Amino acid sequence: MDAFALLSRGGTQFDKRRFNKEVNLFSGHKKHAETVASTSHTTDEFPEELDFFKYAESGVLGTKGEGAANGKSRAADSERTVGVERQSQGSGWEGSAKRGTKRKRSLEPERTITSARRVRCTGESVPTPIHSFVSLQDRYGLAPELRKNIAEKGYLTPTDVQTQCIPVLLEKRDLAAIAPTGSGKTLAYLLPVFCLLGAPGRSGASEKQAGARALIVSPTRELAMQIHNEALKLAKGRKWKVVVLNKATGNALRDKAARKKVDLLITTPLSLVSALDEGILNLDNIRHLILDEADRLLEEGFLKQIEAILAACSYPEIQKAVFSATLPAAVEAIANTFLRRPIRVIVGVKDSATDTIHQELLFCGSEIGKLQALRNLVVEGIQPPVLIFVQSIERAQELFHELLYDGLNVDVVHSERTKAQREDAVRRFRKGEVWVLIATELMARGMDFKGVNLVVNYDFPQTVQSYIHRIGRTGRAGRQGKAVTYFTKEDAPYVKSVANVLKASGQDVPQYMLDLPKPSKLKKRELKRHPIERKDIARAAGAGVGRNLANKKRDMICASKRRKTEPAGDKGGKGDSVVRRQVVLTEDE
DNA sequence: AAAAAAC
């Protein structure tokens with residue numbers, strides 16, 4: 001991890017002066033906050049409202065009932081704790097307890113442990129890791145421009161995932177890489193891909209050598225664009241043509257000469273499949289295929305398209321690699337159907353959160369409690385930028401309007417907003433013009449907002465994987481970050497698995513959360529997390545609690561700093577001194 | 001296990 005600390009991430013370094021003081025919108029009025037949310041403050045005591053016994057099936061959960069009672073009195077029974085950890089292993093999640101008991105992997109041919117045992121590597125003839133970017137020049141003939149561009153980005157030493165993945169890819173091996181959020185996976189595949197691309201495609205080149213030779217697939221447009229940006233920086237000074245496939249570029253590619261010039265193609269699954277269907281391009285010459293956020297891409301909904309893409313990649317010696325911070329066993333099995341003699345690289349503990357993130361689970365009782373909790377957070381002073389995740393598009397919209405009403409500098413991103421709106425929101429969030437960004441799962445993966453101080457899971461994530469990716473928007477590249485996850489009674493059955501993630505990453509977790517029973521499958525189905533009603537957020541606001549506060553806040557908001565109550569949803573910003581001040585210290589994208 | 005995302 002020390003290497004991380006030394007790492008400076010290019011022009012996008014987090015500058016503390018950017019938000020040098022807490023945005024204490026309502027300082028001096030904390031008493032209001034205290035009166036409205038008594039339920040939200042205590043996290044380590046068993047909330048009376050959280051009567052999970054009703055979820056428990058009598059026979060099966062008898063012993064856990066006891067454990068829960070202990071949790072109530074906060075008596076941490078060590079035997080019980082061990083039992084809880086053992087149970088968690090069945091879910092494909094490797095808890096810290098498992099580290100001590102990893103032995104029965106005799107099927108795996110080799111195991112090399114590198115980088116102070118953080119990197120575990122399995123597979124046939126694993127290439128030796130690299131320990132500096134300089135060594136790539138001798139070993140693999142890395143082009144001087146690439147080397148220079150890496151240095152210019154401020155990358156001094158390869159990160160853990162890079163030390164192992166770069167040589168593996170450079171030796172044209174297939175790869176399954178699992179490494180924490182913000183650990184440098186993008187460069188781990190971009191650098192070798194560029195290195196292997198060889199000379200930039202020229203129109204004069206032979207049929208075999210021209211056209212897209214590498215393909216990167218990403219689950220969202222935003223991530224594809226981000227990868228594109230990184231690729232451009234890395235390829236600076238060379239004439240490689242890097243293209244994000246979309247309607248406009250797709251049309252341009254109808255021209256055969258234009259098609260021949262493309263070297264690296266970055267795309268979301270659907271746009272590629274539709275381009276294939278239209279016969280705009282073929283993938284016959286793709287020699288390197290990278291699936292970023294692979295577990296997401298191999299989920300139902302994407303899988304069919306990925307299969308079509310794999311089928312269209314007909315180059316016999318094609319190299320394939322999958323990358324993610326999480327790769328459940330079942331999904332890895334799917335990946336292994338198309339990877340050939342893959343090398344598997346795991347950094348850290350599989351499916352665990354980045355350890356630079358301070359995590360907290362906050363019981364909020366109800367929908368109303370969640371809104372109160374969020375308002376308290378604002379009242380107590382938040383350090384932007386803050387990213388808030390909700391479960392659905394509707395809820396994103398609703399929370400957006402609630403916070404607009406509160407006068408917060410807020411924007412929202414989800415798939416039903418236009419491409420332009422999405423891009424604008426992301427860009428302004430990166431610049432610091434938007435302090436609070438509300439988002440659906442769309443923003444959960446891959447997005448690299450380096451300065452994000454706080455992630456709020458306003459709605460409880462649906463899977464442990466989702467949790468890990470969402471909170472992974474903060475605490476990147478060795479920086480500190482904070483994540484708060486709200487939960488209500490309805491979320492109780494799902495809390496335990498997330499609590500285990502906290503525990504595995506060394507966070508303090510109230511014992512009662514670990515003792516919460518997992519509901520039986522039957523009960524789970526019954527509970528089925530009734531889709532949170534659309535109007536809940538609005539109702540919570542209308543219920544009186546919070547609304548008064550909201551009014552007060554609105555009146556008080558930075559009265560001295562803020563001239564307009566112009567919300568971030570509009571073009572906004574002009575003449576706003578607060579905004580101006582932040583723009584000066586923007587990130588470089 | 002399930003909503004969101006993907007021209």
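Sequence lines set the chain letters: A, B, ... in the order given, protein chains first and strands last, and positions in each chain run from 1. In this text, all values refer to a predicted model and were calculated from it rather than measured experimentally. No hydrogens, no waters, no symmetry mates; every other heavy atom, side chains included, goes into these values.
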Closest to side chain of [X], choosing from [options]:
| X | options | answer |
| --- | --- | --- |
| S274(A) | dA4(B), dA2(B), dC7(B) | dC7(B) |
| T463(A) | dA1(B), dA6(B), dA3(B) | dA1(B) |
| S271(A) | dC7(B), dA3(B), dA1(B) | dC7(B) |
| K247(A) | dC7(B), dA6(B), dA4(B) | dC7(B) |
| T220(A) | dA5(B), dA1(B), dA3(B) | dA5(B) |

Write down the distance between [atom1] ([X]) and [atom2] ([N]), rounded to a whole number of angstrom.
| X | N | atom1 | atom2 | result |
| --- | --- | --- | --- | --- |
| L298(A) | dA2(B) | CG | C1' | 17 Å |
| Y467(A) | dA3(B) | OH | P | 22 Å |
| F460(A) | dA1(B) | CZ | C1' | 14 Å |
| Q305(A) | dA6(B) | CD | C1' | 6 Å |
| L265(A) | dC7(B) | CG | C1' | 15 Å |
| H414(A) | dA4(B) | NE2 | P | 10 Å |
| L442(A) | dA3(B) | CG | C1' | 12 Å |
| R395(A) | dA2(B) | CZ | P | 17 Å |

If you look at every strand shown and take non-hydrogen atoms under 4.0 Å, does [X] touch a base, only sugar-phosphate, or nothing?
| X | result |
| --- | --- |
| E278(A) | nothing |
| Q465(A) | nothing |
| P219(A) | sugar-phosphate |

Open item on the list: Distance criterion of 3.5 Å, no angle test: do you see the side chain of R445(A) paired donor-to-acceptor with the base of dA4(B)?
Closed with: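 Under the 3.5 Å cut-off, the side chain and the base do not form any donor-acceptor pair.
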TODO: Quickly, which of H414(A), E416(A), E222(A) forms a side chain to side chain donor-acceptor pair (under 3.5 Å) with R422(A)? Name it, please.
DONE: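 The passing option is E222(A).
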TODO: Check whether the side chains of D292(A) and S218(A) place a donor and an acceptor atom closer than 3.5 Å, and report yes or no.
DONE: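 Per modelled atom types, D292(A) and S218(A) side chains form no pair under 3.5 Å.
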Ignoring hydrogens and angles, write down the donor-acceptor pairs under 3.5 Å from the side chains of residues 321-332 of chain A, residues two or more places apart or on other chains.
residue, atom, partner, partner atom, Å
S324(A), OG, D295(A), OD1, 2.7
S324(A), OG, T326(A), N, 3.1
S324(A), OG, T326(A), O, 2.8
T326(A), OG1, D295(A), OD2, 2.5
T326(A), OG1, H469(A), NE2, 2.7
E332(A), OE1, R344(A), NE, 3.4
E332(A), OE1, R344(A), NH2, 3.0
E332(A), OE2, R344(A), NE, 2.5

Open item on the list: Can you tell me if R221(A) touches the phosphate of dA4(B), counting only side-chain N or O atoms and a distance under 4.0 Å to OP1 or OP2?
Closed with: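 R221(A) to dA4(B) OP1/OP2: no side-chain N or O under 4.0 Å.
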- [ ] Respond yes when some side-chain nitrogen or oxygen of T440(A) is under 4.0 Å from OP1 or OP2 of dA5(B), and no when none is.
- [x]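 It does, given that an N or O in the side chain of T440(A) lies less than 4.0 Å from OP1 or OP2 of dA5(B).
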TODO: Write down the atom of A439(A), the atom of L387(A), and the distance for their closest heavy-atom approach.
DONE: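 Looking at all heavy atoms of both residues, the closest pair is CB-CD1, 4.5 Å.
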Task: Side-chain donor/acceptor of T354(A) to backbone N/O of I357(A), under 3.5 Å - done: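 Absent.
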